[in-house]
Participant: 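One structure follows; several queries about it will come next.
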Amino acid sequence: MRKIILFSAFLLLGLIGSQTLPTFLGTDNFDYVKPVLDAMLYVCLAYIMINVGREFELDKTKWKSYTADYFIAMATAAVPWLLICGYYIMLMPVEYRGSWDTWKETLLLSRFAAPTSAGILFTMLAAAGLKKSWIFNKTRVLAIFDDLDTILLMIPLQVFMIGMKWQLGVVVAFVFFCLYIAWKKLNAYRMKQSWYAILGYSILLVLFFQGVYVVTKKIFGIDAAIHIEILLPAFVLGMIMKTEETHSESDEKVSSIISYMFMTLVGLSAPLFVGVDFSTTAGDCVIANVGGMTWGEIATHVLIATALSNIGKLLPVFFYRERSLTERLALSIGMFTRGEVGAGIVFIALGYGLGGPLLVISLLTILTNLILTGFFVVIVKKLAIRAESK
């Protein structure tokens with residue numbers, strides 16, 4: 001529970017910093033600091049995704065048995081995403097609702113609602129004494145699969161945002177290469193997995209892919225540069241490592257610190273929104289044309305978005321009919337947790353220039369879900385105990 005509170009606090013701290021630091025440092029000085037903060041954020045995101053990949057365990061000899069789980073996880077990720085997307089479209093003025101630019105921006109921004117936070121969920125369910133339960137094992141599979149689905153769906157969303165260009169052919173080919181390597185070499189390599197080793201891998205990944213972007217931008221121009229998001233290669237690197245079950249206290253501590261730093265940096269990446277009249281400062285972002293909102297209106301939309309995203313996660317209730325309704329409900333509520341991957345999607349949306357009240361609502365929805373995570377896990381534990389007593 002302490003970790004959840006700290007996650008929420010650091011995200012909120014970052015959001016406050018995003019509204020005060022530009023004024024405190026001066027816009028020009030902050031513009032010099034921003035690339036450094038972004039680089040740190042990418043390293044933290046790579047570190048987190050490597051660890052998420054390390055959690056991925058699959059018996060390849062029984063791959064057919066995972067087919068139903070994958071499609072259930074995919075649907076469980078898709079429903080909250082589409083519900084939030086539809087809600088954001090309804091908030092737009094009528095004249096913008098039929099615009100493809102509106103749809104592609106909302107499809108990208110609302111993707112934050114898709115991924116369950118595997119790391120937070122596994123830690124809290126294990127602490128609740130559920131590590132040997134069906135609920136824990138099935139949630140582990142679904143949470144990892146819906147993270148994978150979230151990462152894969154970023155590819156068509158990237159196509160939507162920048163259009164069909166030959167550079168995207170390179171990106172798609174790289175994605176299929178990553179998936180091939182992930183399947184063929186799953187848990188195959190014994191690699192050092194201490195915190196400093198994983199941090200080193202993260203830095204090298206970021207340097208390599210940012211280097212590809214910088215070089216291709218210089219050769220082909222900014223509109224034709226090859227930009228590969230760090231999510232998939234970091235995730236795949238974690239998958240091909242032969243997972244070590246034991247973690248030192250320092251590994252756990254540093255991993256937590258990096259997660260807290262990541263949440264702070266995501267908050268710091270938010271554009272200025274306090275005191276901004278979005279009805280007159282829409283800029284190049286179509287969804288900023290949603291207009292100005294009072295904080296009361298934003299709070300209402302955050303509550304509705306939180307409810308919609310979690311209603312969408314209830315989909316597993318309708319499957320696994322061989323288990324009791326209590327167990328299925330516990331499984332679904334366990335999927336409510338959000339965290340680093342969802343925040344990473346918001347950061348990627350920022351990279352495409354998205355902003356306005358809908359971005360603020362997305363960040364505050366993640367924050368609200370984080371605050372409620374302890375409550376969700378308590379419910380899951382009570383339902384699990386009730387199921388076992390029957």
Side-chain angles (χ1 to χ4, degrees), residues 38-39 41-56 58 60 63 70 73-74 77-78 81 104 107-108 111-112 114-115 118 144-189 191 198-242 340-342 344-353:
D38 288 347
L41 192 148
Y42 277 120
V43 170
C44 291
L45 181 57
Y47 185 98
I48 289 163
M49 291 311 301
I50 289 172
N51 281 326
V52 172
R54 290 170 65 211
E55 295 282 353
F56 195 94
L58 189 71
K60 291 195 289 186
W63 66 268
Y70 178 76
M74 183 172 66
W81 168 44
K104 71 182 183 182
L107 281 168
L108 175 58
R111 192 66 189 156
F112 81 89
I144 291 295
F145 275 147
D146 90 357
D147 273 354
L148 177 60
D149 179 65
T150 296
I151 294 165
L152 294 180
L153 264 175
M154 290 305 295
I155 304 305
L157 291 175
Q158 203 175 351
V159 173
F160 294 161
M161 292 304 296
I162 66 177
M164 287 299 297
K165 299 179 180 178
W166 70 265
Q167 289 84 355
L168 272 176
V170 175
V171 173
V172 171
F174 177 75
V175 168
F176 280 104
F177 172 75
C178 283
L179 295 176
Y180 174 78
I181 292 298
W183 175 254
K184 295 294 289 185
K185 301 297 182 181
L186 180 67
N187 300 133
Y189 296 108
M191 300 172 65
I198 295 175
L199 183 59
Y201 305 146
S202 303
I203 293 170
L204 289 174
L205 283 175
V206 171
L207 286 174
F208 178 77
F209 289 108
Q210 283 299 105
V212 169
Y213 174 72
V214 170
V215 170
T216 54
K217 182 174 73 171
K218 188 171 183 178
I219 297 172
F220 303 111
I222 191 168
D223 293 331
I226 296 173
H227 183 68
I228 297 173
E229 302 293 354
I230 201 67
L231 290 171
L232 182 60
F235 183 76
V236 169
L237 179 59
M239 288 176 66
I240 65 175
M241 292 181 183
K242 192 169 185 63
E340 309 100 306
V341 180
I345 299 299
V346 174
F347 174 70
I348 291 169
L350 281 165
Y352 285 102

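For reference, positions follow the sequence shown, starting with 1. Fair warning: this is a prediction, and the values are worked out from it, not measured in the lab.
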Participant: Could you name each residue pair satisfying side chain to side chain donor-acceptor pair (under 3.5 Å) that touches residues 200-210, not counting sequence neighbours?
Facilitator: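 Checked against side chain to side chain donor-acceptor pair (under 3.5 Å) - neighbours excluded - no pair reaches residues 200-210.
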Participant: Is any side-chain heavy atom of C178 closer than 4.5 Å to one of F235?
Facilitator: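 No, side chains not in contact.
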Participant: Restricting to non-hydrogen atoms, name the atom on A77 and the atom on A114 that form the minimum distance, rounded to 0.1 Å.
Facilitator: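 Smallest heavy-atom distance, with atoms named: O-CB, 3.4 Å.
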Participant: At what distance, to the nearest 0.5 angstrom, does CD1 of I48 lie from CG of N51?
Facilitator: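 These two atoms lie 8.5 Å from each other.
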Participant: Nearest 0.5 Å, please: how far is CG in N187 from CZ in R54?
Facilitator: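 Going from CZ on R54 over to CG on N187, the span is 11.0 Å.
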Participant: Mind checking what makes side chain to side chain donor-acceptor pair (under 3.5 Å) contact with Y47, not counting sequence neighbours?
Facilitator: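 Side chain to side chain donor-acceptor pair (under 3.5 Å) list for Y47, sorted by chain: S255.
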Participant: What's the separation between atom CD1 in I198 and atom CG in L237, rounded to the nearest 0.5 Å?
Facilitator: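 Going from the CD1 atom of I198 to the CG atom of L237 covers 8.5 Å.
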Participant: To the nearest 0.5 Å, tell me how far L205 CG sits from I230 CD1.
Facilitator: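 Answer rounded to 0.5 Å: 5.0 Å.
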Participant: Quick one: pull up CG in L179 and CH2 in W183 and give me the separation to the nearest 0.5 Å.
Facilitator: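 Going from CG on L179 over to CH2 on W183, the span is 11.5 Å.
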Participant: How close do M239 and A182 get, counting heavy atoms only, and between which atoms?
Facilitator: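 Looking at all heavy atoms of both residues, the shortest contact is CE-CB, 3.7 Å.
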Participant: Indicate the atoms forming the closest heavy-atom contact of A234 with A46, along with that distance.
Facilitator: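 What the structure gives for the nearest pair is CB-O, 3.6 Å.
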Participant: Rounded to the nearest 0.5 Å, how far apart are CD1 of I50 and CG of L45?
Facilitator: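 One gets 10.0 Å once the value is rounded to the nearest 0.5 Å.
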Participant: Is there a side-chain contact between V170 and T216 (heavy atoms, below 4.5 Å)?
Facilitator: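 The answer is no, as the side chains (C-beta and beyond) never meet within the 4.5 Å cut-off.
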